[in-house]
Asker: 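Below you'll find the structure I mean.
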Protein chains: 2
Amino acid sequence: MARKQGSHSDITGPKVQAAALRLFAQHGFAAVSMRQIASEVGVQAGALYNYTPDKQTLLFELLRTHMEALLKAWDSIERPIDPLAALKCFTEFHIAYHSDRPDQVFISYMELRNLSAENFAQIQALRRGYEQILEDILHAGHDSGLMNVPDIRVTSMALIALLTGLNNWFRESGRLSLADIQGQYWLMVRGAVAAVDQT
Amino acid sequence: MARKQGSHSDITGPKVQAAALRLFAQHGFAAVSMRQIASEVGVQAGALYNYTPDKQTLLFELLRTHMEALLKAWDSIERPIDPLAALKCFTEFHIAYHSDRPDQVFISYMELRNLSAENFAQIQALRRGYEQILEDILHAGHDSGLMNVPDIRVTSMALIALLTGLNNWFRESGRLSLADIQGQYWLMVRGAVAAVDQT
DNA sequence: GTCTATAGTGTGATAGAC
DNA sequence: GTCTATCACACTATAGAC
């Protein structure tokens with residue numbers, strides 16, 4: 001018999017985040033009501049406000065947590081110094097990390113416009129930090145002559161789109177393993193920066 | 001002195017489409033109300049229902065019109081037979097067409113989940129048709145030995161993400177011309193399918 | 001910490017006058 | 001074809017009991 005009242009702060013908090021993440025990813029921030037989230041968690045709508053001051057902050061915290069965890073994860077791995085090896089490392093890291101968190105990645109791209117101006121600026125700064133990682137690698141590759149990068153900003157945005165696009169269609173349960181995907185994407189990334197000029 | 005009543009079917013219809021397109025792209029389908037659209041058009045909310053049976057159909061018609069125009073535009077240009085030349089042609093076409101219609105492209109990617117099941121299936125079929133164009137080119141390139149394409153589906157999805165990602169940051173008014181962009185993206189696309197196996 | 005109840009506002013869509 | 005007025009319902013967020 002289910003309890004109708006009681007204190008569950010330790011477990012309800014994470015459940016609110018998880019429910020909001022899943023529903024925002026599936027239906028979009030604006031299309032999801034606080035009542036839907038509460039229903040998924042198993043509480044009444046009013047109880048959600050013990051865990052977030054409002055719906056906007058709930059979204060913001062999901063994005064901030066994701067971006068900070070992403071940056072921290074990169075910081076914690078060992079990065080090769082050689083630019084090509086570093087680019088391969090980045091490619092494989094990006095694919096592994098992002099394909100494992102489809103909902104977080106999805107809302108991080110789709111719901112930016114639903115952030116308030118202040119919150120948007122914070123998330124954008126974190127995102128810029130991630131892009132900078134790739135740009136530094138491309139810069140080193142360009143300077144060493146190991147890569148052909150006519151414009152670092154263009155190449156970095158193109159490569160991130162290439163890699164993140166994987167989330168649009170890849171499902172782990174499909175016919176291809178993560179290692180297969182990493183291998184094929186690395187072939188394409190390496191080719192994209194190795195191209196020499198010819199018509 | 002503005003008229004408060006009258007018949008404007010010829011001009012109001014397109015204005016409704018244009019206002020909905022702009023607002024959906026900026027704020028998202030679920031976050032935009034019929035009253036907002038009416039306000040942008042300069043009519044009252046009730047008048048919109050002379051031009052669409054409901055909000056859902058308004059979104060669907062925007063996406064359908066865009067996808068059909070895209071396919072028709074490709075059909076109307078001259079396509080080289082040589083696979084590499086065809087891939088270059090596709091790359092430049094995709095960039096030119098998409099960078100000229102940022103709002104249409106944006107909602108075509110972001111608002112798919114707000115379509116009803118029936119409408120989604122129709123849009124998805126049109127999208128599949130566009131992907132098929134690229135897959136056919138890659139298939140010919142693979143068979144002729146001119147391209148290294150381990151998995152046609154993987155490569156086509158990756159290249160479309162690479163190219164469409166341009167819309168995330170490119171603004172015609174920026175420091176780079178469309179021709180510059182087309183040149184750099186073609187270098188990357190060609191490299192991505194030309195890579196030979198090496199570690 | 002969760003509940004019930006509710007304030008105050010906004011929503012998509014329709015009816016009928018002009 | 002557009003207007004005004006409205007129905008019936010959903011929304012975020014808060015107040016106060018337990």
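Since the structure is predicted, the reported quantities are computational estimates derived from the model, not experimental observations. A note on names: the letters A, B, ... follow the listed sequences, proteins ahead of strands, and every chain is numbered from 1.
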Asker: In this structure, is the centre-to-centre distance between the rings of A:F29 and A:F60 below 6.0 Å?
Answerer: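 No - the distance between ring centres of A:F60 and A:F29 does not fall below the 6.0 Å cut-off.
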Asker: Over how many whole Å does the gap from B:M34 atom CE to C:dA13 atom P extend?
Answerer: 6 Å
Asker: How long is the line joining CD of B:Q44 and C1' of C:dG12, in whole Å?
Answerer: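 Distance check: B:Q44 CD to C:dG12 C1' gives 15 Å.
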Asker: Where each residue is assigned the nucleotide of DNA chain D containing its nearest heavy atom, which of B:G42 and A:P53 is assigned the position nearer the 5′ end?
Answerer: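 Between the two, 5'-proximity favours B:G42.
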Asker: Measure the distance from CG on A:N50 to C1' on D:dA15 and round it to the nearest whole Å.
Answerer: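 After rounding, the reported distance stands at 13 Å.
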Asker: Is there a side-chain polar atom (N or O) of A:T12 under 4.0 Å from OP1 or OP2 of C:dG1?
Answerer: no
Asker: Check the distance between C:dG12's C1' and B:R35's CZ and give it to me in whole angstrom.
Answerer: 8 Å
Asker: By the 4.0 Å heavy-atom rule, please label B:V32 as base, sugar-phosphate, or nothing.
Answerer: sugar-phosphate
Asker: Report yes if a side-chain nitrogen or oxygen of A:S33 is closer than 4.0 Å to either non-bridging phosphate oxygen (OP1 or OP2) of D:dA10; otherwise report no.
Answerer: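 For D:dA10, neither OP1 nor OP2 has a side-chain N or O of A:S33 closer than 4.0 Å.
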Asker: Indicate yes or no: does B:E131 engage B:R127 in a salt bridge with an N to O separation below 4.0 Å.
Answerer: no
Asker: Please list, by residue number, the residues of residues 54-61 of chain A whose heavy atoms come closer than 4.0 Å to an atom of DNA chain D; answer none if no residue qualifies.
Answerer: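 A:D54, A:K55, in order of number.
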Asker: Any side-chain heavy atom of B:L134 sitting closer than 4.5 Å to one from B:L87?
Answerer: yes
Asker: Are any of the side-chain nitrogens in B:K72 or B:E68 under 4.0 Å away from the carboxylate oxygens of its partner?
Answerer: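 Not counted as a salt bridge, because no side-chain N and carboxylate O are separated by less than 4.0 Å.
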Asker: Assess whether a salt bridge exists between B:E40 and B:K15, defined as any Lys/Arg side-chain N lying under 4.0 Å from an Asp/Glu carboxylate O.
Answerer: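 Salt bridge between B:E40 and B:K15, a charged N being under 4.0 Å from a carboxylate O: no.
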Asker: Does the gap between the ring centers of A:Y97 and A:W74 come in under 6.0 Å?
Answerer: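 Centroid separation for A:Y97 and A:W74: 6.0 Å or greater.
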Asker: When the distance from OH of B:Y49 to C1' of D:dT6 is rounded to whole Å, what number comes out?
Answerer: 14 Å
Asker: Is the phosphate of D:dT2 approached by B:Y51 (side-chain N or O, under 4.0 Å from OP1 or OP2)?
Answerer: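 Yes, within the criterion.
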Asker: Hey, would you say the A:Y130 and A:H94 ring centroids sit under 6.0 Å apart?
Answerer: yes
Asker: Can you tell me the distance, in whole Å, between the CG atom of B:L48 and the P atom of C:dG12?
Answerer: 10 Å
